[in-house]
Amino acid sequence: RAALQAAHRLVAGASLPDRTSCKNPPTLTLNMGKKVAIVLAGCGLYDGSEIHESSAVLVHLSREGAQFYAPDIDQMHVVDHVKGQPTQEKRNVLVESARIARGNIKDLAKLNVKELDALIIPGGFGVAKNLSTWAVQGKNFTVSKAVEDTLKAFHAAKKPIGLCCISPVLAAKIFPGCELTVGHDTECEKWPYAKTAETMKELGCKHVNKHVNEIHVDAKNKLVTTSAFMCNAPIHEVYDGIGKMVKEVLRLA
């Protein structure tokens, strides 16, 4: 008990590292291989980036190089993740995304595609609320200018783009005729968001049914997609699918 109390005292008296004075500040940017931009949309399933998906992307990239980005904008709203209901709070997408990035994150407006080899955007309702207006406008949605410019820049440079969960809708809007997957197109308990696939078809894209642990590769557009939590599946299956997506993105890079 004495040892535990001592540990508690140490934690209570500890402070976060000062990034301005620390000689070697903590970082998630690695430089061992390909450098991949990860664009986040906040922190949390219902109003930001899906945390498990974001972490899975980073774990699979940990032997390469990763740099987080997020737009410096207000969230559409803030959701109480216990009640599943919006609150009156106001939060910033960049500030909230920094929670996942452990503070090492840049404003999306500062992204330079020439310095990067690939782009990955995890899912979460923040993609549909903060990076686009999908959540409120459906197939008539718009993509935020910063996100659209980023996707178009990687596409024009012929650099691969990885998208999982709901984020493939961004490509569906920007790259008509592309091939994507958000899982299956028949709604059931396992695939509660299957109608998304039909909407993507209406946008002029080819949707390819895939299981949660599979990916689809649009070789022409260098798009790699997987369904992740569009499927009601255990985390390890989502993790495996994201791993395949990351591996293919790196191969194409």
Side-chain angles (χ1 to χ4, degrees), residues 27-43 45 48-70 97 99-102 104-106 108 111 113 115-124 126-127 131 147 150-151 153-155 157-172 174-175 178-183 208-231 233-253:
T27 177
L28 286 176
T29 303
L30 308 175
N31 296 295
M32 298 172 63
K34 300 289 172 46
K35 191 170 183 180
V36 181
I38 306 173
V39 174
L40 299 180
C43 180
L45 165 62
S49 289
E50 213 292 325
I51 296 172
H52 296 299
E53 292 179 15
S54 302
S55 296
V57 169
L58 183 61
V59 169
H60 286 294
L61 278 175
S62 66
R63 292 177 178 84
E64 298 290 332
Q67 175 60 58
F68 284 105
Y69 294 88
S97 297
R99 295 174 180 272
I100 296 175
R102 293 170 61 88
N104 184 32
I105 192 166
K106 297 180 180 180
L108 182 59
L111 184 149
V113 69
E115 299 174 351
L116 299 155
D117 299 297
L119 168 67
I120 293 178
I121 305 180
V127 173
L131 304 189
V147 175
T150 298
L151 284 162
F154 277 90
H155 187 262
K158 300 187 184 304
K159 295 183 177 182
I161 299 169
L163 304 165
C164 63
C165 194
I166 190 63
S167 66
V169 301
L170 303 174
I174 298 170
F175 310 122
C178 65
E179 298 179 4
L180 304 162
T181 188
V182 287
V208 182
N209 283 346
K210 292 287 183 177
H211 293 298
V212 66
N213 59 354
E214 296 179 319
I215 62 173
H216 181 71
V217 182
D218 179 342
K220 178 182 177 181
N221 291 293
K222 285 197 171 183
L223 295 174
V224 186
T225 51
T226 190
S227 62
F229 280 112
M230 295 295 276
C231 180
I235 292 176
H236 70 274
E237 292 185 10
V238 173
Y239 178 89
D240 289 345
I242 289 175
K244 291 177 182 177
M245 177 191 72
V246 171
K247 183 178 180 179
E248 184 62 17
V249 164
L250 292 172
R251 188 189 72 80
L252 291 172

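Residue numbers run from 1 in the order of the sequence given.
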TODO: Please test Thr226 against Lys244 for side chain to side chain contact (heavy atoms under 4.5 Å, CB included), starting from the C-alpha separation and ending with a verdict.
DONE: CA-CA 9 Å; Thr226 190; Lys244 291 177 182 177; over 6 Å; no
Task: Worked check of side chain to side chain contact (heavy atoms under 4.5 Å, CB included) between Thr150 and Ile121 - done: CA-CA 11 Å; Thr150 298; Ile121 305 180; over 6 Å; no
Open item on the list: Set out, in order, the CA-CA distance, both residues' side-chain angles and the distance that settles side chain to side chain contact (heavy atoms under 4.5 Å, CB included) for Leu111 and Gln67, then state yes or no.
Closed with: CA-CA 10 Å; Leu111 184 149; Gln67 175 60 58; over 6 Å; no
Task: Test ring-ring contact (aromatic ring centres under 6.0 Å, His included) applied to Tyr239 and His60, step by step - done: CA-CA 9 Å; Tyr239 178 89; His60 286 294; 4.3 Å; yes
TODO: Would you please test Ile235 and Phe229 for side chain to side chain contact (heavy atoms under 4.5 Å, CB included) and show each step?
DONE: CA-CA 8 Å; Ile235 292 176; Phe229 280 112; 3.8 Å; yes
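When all heavy atoms of Pro122 and Glu53 are compared, the pair lying nearest together is C-OE1, 4.0 Å. Contact between Gly126 and Ala41 at its shortest, heavy atoms only, is C-CB, 3.5 Å. Contact record, Leu40 with Ser97: CB-OG, 3.5 Å, taken as the closest heavy-atom pair. Minimum interatomic distance between Leu163 and Ala171 (heavy atoms only, all atoms of both residues): CD1-CB, 3.6 Å. Closest approach of Val212 and Glu237 over heavy atoms only: CG1-OE1, 3.3 Å. Shown here for Pro160 and Leu252, the closest heavy-atom pair between the two residues is CB-CB, 3.8 Å.
Taking 4.5 Å as the limit, every side-chain heavy atom of Val36 sits out of range of all side-chain heavy atoms of Glu64. The shortest side-chain heavy-atom distance between Asp218 and Leu180 does not fall under the 4.5 Å cut-off. No side-chain heavy atom of Glu50 sits under 4.5 Å from any side-chain heavy atom of Val127. No side-chain heavy atom of Val224 sits less than 4.5 Å from a side-chain heavy atom of Ile120. No side-chain heavy atom of Val217 sits under 4.5 Å from any side-chain heavy atom of Glu179. At least one side-chain heavy atom of Glu248 sits less than 4.5 Å from a side-chain heavy atom of Ile215.
Thr225 places a side-chain N or O within donor-acceptor distance of the main-chain N or O of Thr181, the cut-off being under 3.5 Å. The backbone N or O of Ala118 sits nowhere less than 3.5 Å from a side-chain atom of Lys34 that would complete a donor-acceptor pair. Between the side chain of Lys210 and the backbone N or O of Ser227, no donor-acceptor pair lies under 3.5 Å. The backbone N or O of Cys164 lies less than 3.5 Å from a partner atom in the side chain of Ser167, making a donor-acceptor pair.
The aromatic rings of Phe175 and His155 sit parallel to each other, their planes meeting at less than 30°, with 60° as the upper class boundary.
The NZ atom of Lys158 sits 9.5 Å away from atom NZ of Lys220, with the distance rounded to the nearest 0.5 Å. Taken to the nearest 0.5 Å, the CZ atom of Phe68 stands 10.5 Å off from the CZ atom of Arg102. If you take CE on Met230 and CD1 on Ile166, they are separated by 4.0 Å, rounding to the nearest 0.5 Å.
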